[in-house]
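Comments concern the structure below.
Numbered from 1 within each chain, the chains take letters A, B, ... in sequence-line order.
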Amino acid sequence: MADEDVSPQSSYHRDAIKTSVHNTSAQRRRQLAVAVGKERREALIRTKRLCREAHFDDNEASLEGDMNIEEERAVLNAQASQIIEDLKSATTYQGKGAAQKKVEALRALRRLLSKSEFPPVKAALQAGAVPLLVQYLSFGSPDEQLLEAAWCLTNIAAGEPEETKSLVPALPLLVAHLGEKSSVPVAEQCAWALGNVAGEGDELRNILLAQGALLPLARLMMSNKGSTARTASWALSNLIKGPQPNAATELIRIKGVLDAIIQHLRNLDDELVTEVAWVVVYLSALSEAAVGLLVKSDVVHLLVGKLAASERLHLLIPVLRSLGNLVAADSYMTDKVLVVGHNTTDQILLGLIKCLKSEHRVLKKEAAWVLSNIAAGSVGHKELIFSSEATPLMIHLLSSAPFDIRKEVAYTLGNLCVAPAKNAEQPSVIVHHLVALVNRECISGFIHLVRSADIQSAKLGLQFLELVMRGMPNREGPKLVEREDGIDAMERFQFHENEEMRTMANGLVDKYFGEDYGLDE
Amino acid sequence: MESSGGEELGLGSRWWIASRRRLMPDDPFFSAGNIERELLAKQVALDLTEDERYQLQKMEYECLVEGCGVKLKSYKSRQQHLVDKHKFPTTFEFYKKAHPSKHQRQKHQRRQASHPKEAANDTDMDVDRKSSKQIYQKYRPKKASLKEGKEAEMEVEERMDDLVSAVSKLSTSDSSPSSISFGHRHARGFAFVPRSIHQNRKQTSQSEAKG
């Protein structure tokens, strides 16, 4: 609906839009959709105007566009080569005005690499930009020069993988400038360049770690200056994201890091909080040491506060995920931190409920995941979740949401119905919860899962049906399952290639729908 | 209940066993939430020349509601107008990034098929670079690791679906609590620099510093 239908040429929606106070809900939706479409086009036009670039626009002949691109690129490439030549000769300048000339040439290169749509990075590289910029980065140079040189390297590193990799010769010096000998703006710009390098991939991350980038970046992260802390946090998140856990483990061991994280999470600047939250995401996912420290610190309480209070998607995602990682990793969370009755616990539930209600699929799904893990806790936790707004929301999602959300919600709802087992034997059913869910027609949602192509989900569905058939009072379970075509769903696995599924499904059918079935009636 | 192996325990069992499930950061489970973040894997440091800044200042922001025609001076004041005059939800975040339409995507795919070499360049400019750049920001992330084209397209699909479903789910109530964001990622540089007002302030100070 949104995209193709809303175009300037289409008059289909025009007549319907009125700005009177008697807008119907359909009109309102259309109005909002038109507004969005209009804004997008506007953004495209703006870009075009400023960047002089041809778009793949529906209304534009792409051929004509191509020619403009070609010409533009040729010009930019030539400019790049020229500036590099200027820079080369400028290295020999001495005397009055030499420093200024160097800075001006660097600035020209920087502008070339940052303002246009097709920055001539390759041409610059071919002309020898990197070793040249390394020269300009030498210690003792004026700050302005260092800054411009680092800025150029930043934008080269922001390009294609090969372009980022071309920075390898510059890495040691960039790392060196992270240290206290360099001014803060220079260190920050170098951090940015290195963040781009780390963002490229594993190989470069390992090189940076081997060259000792972690410690000075961590120090910068502790800065009181917002932009420095933010840039360094972002760079760190790229550096430690794994999949190897060693960088994350090393980071949390650095003195002052945890305190800095705590301090920054209190900051009013959402952008900073977001970056730091991503650091916590990776720390909590990859480092057991970090998990142990984080769950005992103020971090949890601060994250929960943000979860409950913020409306911003790009902040909520790492906050939610950090909490999810911590809950998943350490039972300390449900045992000691998220104790039933504590304020933090109430708050996290509110935050998770808010996410369940969100329009954003990501928030719904990951919130359900977190809830499922809390629901794997004590009976008290199950009762808390069960009696909250989360349950009706999840029941609704079980029947209406996209598959991935349904699956997570299924985990949560099922977890609410079983008490922790003393051994790995048959867990006991929390009948009160099970009955409530069954009465609100959850069986069909789980049967739907049984029918899904995903084996894991199908198993989940079967396990729930087992609960129903075993746990529902008055042996009502089998009847209810049959009513929803459960037998049919289970019989799908009768000759299924997966042995486990076959055994499970057939076992259930035999046990509950065997010869004796229906004889009581 | 122990977390590691809990999943296996549950899977291997006939019975439902409630156990925590732990996931690694690169688990596909997280990939939807990672989309924004992936775009920020690399960030270009942008700056505007005086000309461009002047051009931007001259720019008008027209009201997005058909038939209104009012022109506002800034993005923010336009949003305020939409809230005040047209009763848009206050937490409404407009879609700041344009995505290619299905037609464009198909066109792009055809291009890729017939001009593989050129398309290799263009692939990088497909979804995000070609479309809107928030040029009044200082920071603009370059397309980072959308290496697998198919995955990227699926992500676009997902975002389009999000947009579609978001629009279809729009609440008409003004007191709608949730922020309606059309799959908008504050990404593409927003991570570092928030709103345009804030950015203009930053711009000035930056330009002073950098001469």
Check whether any side-chain heavy atom of A/V418 lies under 4.5 Å from a side-chain heavy atom of B/W15, and answer yes or no.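 Not touching, per the 4.5 Å side-chain cut-off.
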Mind checking whether A/L286 and B/P25 have side chains closer than 4.5 Å, heavy atoms only? yes
Pair B/F30 and A/W369, ring centroids less than 6.0 Å apart: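 For B/F30 and A/W369, the ring centres are under 6.0 Å apart.
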Enter the distance from [X]:[atom1] to [Y]:[atom2] here, rounded to the nearest 0.5 Å.
| X | Y | atom1 | atom2 | answer |
| --- | --- | --- | --- | --- |
| A/K365 | B/F29 | NZ | CZ | 5.0 Å |
| A/M504 | B/R14 | CE | CZ | 9.0 Å |
| A/N155 | B/Q43 | CG | CD | 11.0 Å |
| B/R20 | A/S331 | CZ | OG | 5.0 Å |

Region of A/A157 in contact with chain B, defined by heavy-atom distances below 4.5 Å: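 For A/A157, backbone heavy atoms alone lie under 4.5 Å from chain B.
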Please classify the contact of A/T503 with chain B as side chain, backbone, both or neither, using a heavy-atom distance under 4.5 Å.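 Nothing of A/T503, per the 4.5 Å heavy-atom cut-off to chain B.
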Less than 3.5 Å apart, any donor N or O on the side chain of B/N34 or A/R321 sitting next to an acceptor on the other? yes
Output yes when a side-chain donor or acceptor of [X] lies under 3.5 Å from a complementary backbone atom of [Y], and no otherwise.
| X | Y | result |
| --- | --- | --- |
| B/E36 | A/I317 | no |
| A/N373 | B/R21 | yes |
| A/W234 | B/A41 | no |

Taking NZ, NE, NH1 and NH2 as the nitrogens, is one of them in B/K42 or A/E163 under 4.0 Å from a carboxylate oxygen of the other?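 So B/K42 does not pair with A/E163 through a salt bridge.
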Answer yes or no: is there an ion pair linking A/E275 with B/R37, defined by an N-O contact shorter than 4.0 Å? yes
If you count heavy-atom pairs under 4.5 Å with chain B, which of A/V429, A/L416, A/D270, A/N238 comes out on top?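 Answer, by heavy-atom pair count under 4.5 Å with chain B: A/N238.
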Under a 4.5 Å heavy-atom cutoff, which of A/D143, A/T164, A/L320, A/L363 has the most pairs with chain B?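 Counting heavy-atom pairs under 4.5 Å, the top option is A/T164.
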Of all heavy-atom pairs between [X] and [Y], which one has the smallest distance, and what is that distance?
| X | Y | result |
| --- | --- | --- |
| A/P243 | B/D26 | CB-OD2, 3.8 Å |
| A/W192 | B/A45 | CH2-CB, 3.4 Å |
| A/N415 | B/W16 | OD1-NE1, 2.8 Å |

